[in-house]
Amino acid sequence: MENLGTLLGKYGEEGDKLLFKILDSGQKAGIRKNVIRTVAENDCSRLDLIKGEKYPLMMMMTPSEMFSLTEKGLRYDLTVPFARYVVQHQNEITFPFKRYQIQPVWRADRPQKGRYREFFQCDVDVVGSNSLLNEVELINIIDNVFSKLNISVTIKLNNRKILAGIADYIGAPDLITDITIAIDKLEKVGLENVNNELKEKGLSAVAIEKLQPVLLLSGSNTGKLARLKEVLFHSETGLKGINEVEQIFSYLAKTDFKSTLELDLTLARGLNYYTGAIFEVKANDVQIGSICGGGRYDNLTGIFGLPDVSGVGISFGADRIYDVMNQLDIYPNEVITGTQVLIICFGEEEQIYSLPVVQKLRSAGISAEVYPDTAKLKKQMTYANSKNIPWVVLVGEDELKSGNLTCKDMGTGEQRKLPLDEIIKLIVKDIKR
RNA sequence: GUGGAUGUAGCUCAGUUGGUUAGAGCGCUGGAUUGUGGUUCCAGAGGUCGGCGGUUCGAACCCGCUCUUCCACCCCA
């Protein structure tokens, strides 16, 4: 939970709308109690109280009294609260400061496929360094993560300075946000619709005309950059952006890199605080929104009172990455495999006997569990079977007497009575295969 | 926020001129098999048909309201 003040105004107009705001639960307790009682007694909703005239209570209360807001909201991302943290702890932090953070964030959006009200972001940020090496390292992290997960991706790169240069070049620097949002849609809605939207936003015909060659840029990354340089030659910021992108490309060329890297001039990203590089990652084989995004922010800590500290960061969308992996069915085996041995007991006495047994199995590195109820053998076997547990150890009256436990391979159906040590050797050998 | 759908057994879904007792597959439980799963066979349990109201002799089906979930737009992880 954050103060609304730290959250509002950082994500653009749309972002502000998507902030979850917290209802007051303390001060208006008396009124809230009345509302709850009325709702319960009349079997109606709170909305009924507001719109209907059936209930006398509503005559005494305004909607804002029933739903009074606090000054707090749920965090929309991890970057802004992180910037706040950095400012608050600036004296304890050694710069450049690096951190990663995995936590849920919330958006008051209508949920649908690949879009959640609550989801986990995995952030990596470096604050307090202007070096483009940080961008390069972050891109390498992205490449590394997705190759390890076996997800084929395209990393899209752009730079806000280039976008600013373009806005400058067509003579509409104030409209940069509208321009970027419009051209962001190019791939989706086509050139004509983008031009229409630009016109609606108040861009002149001349400006739109000047923008066309930029929108139509295609081909290799180096080709795009060369043409951009010609177009933006008089824009200092634009050239700086181009230069940054070129440098990032040239650094990356020295590293071992597997993903596709693409300079995408239509990549805008709605978050207001980005000032330099911006990234977005798309899965190549699954149609879903971006699974990772990020960029450089020069003045985020400045808003909270620590100017001249630049940062750059990325954020992985964990839930969407699950979605991609689910759809492609590419979870690695060692993640899917759970319990390796199930200990099946016939009664309470056997369960007690198996407690040290399960500990020994575990300390040998075997993942083991005891069936927790004294159910019929058949039921316990079915449990092992449906959970794909490869080994079963049976503990019954005979086993208690002899000390030799029945060990069964669920794949082949073979079973033998062996001392525990032998069983452990057998299973360890099987697991390591 | 705007627009469009959905809701029937634990799950996936059938169910039309509105008509006895609402079905299937899978799953679950029991049995064939007293301490042995995956195959097979037999039997069984499980439903306020999302909720409330209306029309009708009669509603899962028609009408109104409401809740839920999903989809598109917007935007993004």
Side-chain angles (χ1 to χ4, degrees), chain A residues 11-19 42-48 51-52 75-79 102-124 142 153 177 180-182 184-185 188-189 193 197 267-272 274 278-283 286 288-295 313-324 342 344-347 350 371 374-401 405-417:
Chain A
Y11 307 108
E13 214 179 302
E14 193 66 26
D16 283 353
K17 279 189 219 155
L18 295 177
L19 278 173
N42 296 293
D43 190 29
C44 63
S45 73
R46 284 174 183 227
L47 220 55
D48 290 335
K51 13 177 240 200
R75 80 175 89 85
Y76 182 91
D77 73 354
L78 302 179
T79 311
I102 299 173
Q103 269 185 308
V105 299
W106 294 269
R107 312 264 162 108
D109 206 355
R110 286 227 181 136
Q112 52 183 280
K113 190 145 264 151
R115 164 175 301 182
Y116 306 100
R117 284 212 174 112
E118 177 182 9
F119 57 95
F120 274 81
Q121 286 195 336
C122 316
D123 262 44
V124 186
I142 294 173
V153 296
T177 316
T180 52
I181 287 173
D184 185 37
K185 293 176 192 158
K188 216 172 192 177
V189 301
N193 291 321
E197 184 168 335
L267 174 61
R269 300 193 54 76
L271 298 180
N272 276 355
Y274 291 130
I278 42 186
F279 323 109
E280 194 159 295
V281 181
K282 299 273 285 183
V286 175
I288 195 164
S290 57
I291 51 178
C292 180
I314 51 171
S315 183
F316 295 88
D319 303 72
R320 281 187 181 172
I321 295 172
Y322 298 150
D323 288 340
V324 169
L342 177 72
I344 291 180
C345 302
F346 289 81
E350 286 88 347
Y371 194 89
T374 51
K376 280 188 177 172
L377 188 49
K378 180 176 174 167
K379 191 176 167 101
Q380 302 193 46
M381 293 295 286
T382 308
Y383 173 81
N385 198 59
S386 63
K387 287 194 71 175
N388 282 319
I389 298 172
W391 293 91
V392 153
V393 168
L394 297 173
V395 184
E397 215 180 319
D398 301 347
E399 286 81 357
L400 283 192
K401 273 184 206 150
L405 307 181
T406 303
C407 173
K408 176 163 182 163
D409 179 334
M410 292 296 278
T412 62
E414 274 175 57
Q415 66 178 51
R416 280 194 284 171
K417 289 200 172 179

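Residue numbering restarts at 1 for every chain, and letters A, B, ... go by the order of the sequence lines.
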Just to verify, what does [X] make a salt bridge (charged side-chain N to carboxylate O under 4.0 Å, His left out) with, not counting sequence neighbours?
X	result
A/D123	A/R99
A/K17	A/E14
A/R320	none
A/K378	none

Return all side-chain donor-acceptor pairs below 3.5 angstrom for residues 405-414 of chain A, not counting sequence neighbours, or 'none' if the list is empty.
from   : atom 1 : to     : atom 2 : distance (Å)
A/T406 : OG1    : A/E399 : OE2    : 2.5
A/D409 : OD1    : A/G411 : N      : 2.7
A/D409 : OD1    : A/T412 : N      : 3.3
A/T412 : OG1    : A/E414 : N      : 3.2

With the stacking rule set at 5.5 Å and 30°, tell me whether A/F316 counts as stacking on B/rA77.
no
If I take atom [atom1] in residue [X] and atom [atom2] in nucleotide [N], what distance separates them, rounded to the nearest angstrom?
X	N	atom1	atom2	value
A/F346	B/rU36	CZ	P	8 Å
A/K417	B/rG35	NZ	P	15 Å
A/K113	B/rC73	NZ	C1'	18 Å
A/E14	B/rA77	CD	C1'	15 Å
A/D398	B/rU36	CG	C1'	13 Å
A/K379	B/rG30	NZ	P	7 Å
A/L394	B/rU36	CG	P	10 Å
A/L18	B/rC74	CG	C1'	9 Å

A/D109/A/R117 salt bridge by N-O under 4.0 Å criterion
no
Can you check the distance between [N] and [M], where both ends of the measurement are the [atom1] atom (answer in whole Å)?
N	M	atom1	answer
B/rG27	B/rC67	C1'	29 Å
B/rU12	B/rG3	C1'	29 Å
B/rG46	B/rG30	C1'	14 Å
B/rG15	B/rG44	C1'	24 Å
B/rC61	B/rG25	C1'	24 Å
B/rG35	B/rC41	C1'	23 Å
B/rG18	B/rA59	P	14 Å
B/rA14	B/rG7	C1'	15 Å

How would you label the contact of [X] with the nucleic acid (heavy atoms, under 4.0 Å): base, sugar-phosphate, or nothing?
X	answer
A/C292	sugar-phosphate
A/Q415	base
A/E280	nothing
A/K376	sugar-phosphate
A/E350	nothing

Kindly express the pairing pattern of RNA chain B in dot-bracket notation, using | wherever a base pairs with another strand and counting only Watson-Crick or G-U pairs under 3.5 Å.
(((((.(..((((.....[...)))).(((((.......))))).....(((((..]....)))))).)))))....
Donor-acceptor pair under 3.5 Å: do we get one between A/R115's side chain and the base of B/rC71?
no
OP1 or OP2 of B/rA72 under 4.0 Å from side-chain N/O of A/Q112:
yes
Proximity to the side chain of A/R110 - top-ranked nucleotide from B/rG35, B/rA77, B/rG3:
B/rG3
What nucleotide among B/rC76, B/rC70, B/rC71 has an atom nearest to a side-chain atom of A/R107?
B/rC76
ring-ring contact (aromatic ring centres under 6.0 Å, His included) against A/F279, all qualifying residues, sequence neighbours excluded:
none
With sequence neighbours excluded, tell me which residues meet ring-ring contact (aromatic ring centres under 6.0 Å, His included) with A/Y383.
A/Y371
Do A/D398 and A/K417 pass the salt bridge (charged side-chain N to carboxylate O under 4.0 Å, His left out) test, and can you show the C-alpha distance, the side-chain angles, and the key distance before you say yes or no?
CA-CA 10 Å; A/D398 301 347; A/K417 289 200 172 179; 3.8 Å; yes
Using the six-membered ring of A/Y76, assess whether NZ or CZ of A/R107 lies under 6.0 Å from its centre and within 45 degrees of the ring axis.
yes
Write out a two-atom table: protein N or O, nucleotide N or O from nucleotides 37-41 of chain B, distance below 3.5 Å.
from   : atom 1 : to     : atom 2 : distance (Å)
B/rG37 : O2'    : A/N385 : ND2    : 3.4
B/rG37 : N7     : A/K408 : NZ     : 3.2
B/rG37 : N1     : A/M410 : O      : 2.7
B/rG37 : N2     : A/N385 : OD1    : 2.9
B/rG37 : N2     : A/M410 : O      : 2.7
B/rG37 : N3     : A/N385 : OD1    : 3.1
B/rG38 : O4'    : A/N385 : ND2    : 2.9
B/rG38 : N2     : A/G411 : O      : 3.2

Considering heavy-atom distances to RNA chain B, does A/I291 or A/V395 have its closest nucleotide positioned more toward the 5' end?
A/V395
So, for A/G294 and A/Y274, which heavy atoms are closest and what is the spacing to 0.1 Å?
CA-OH, 3.4 Å
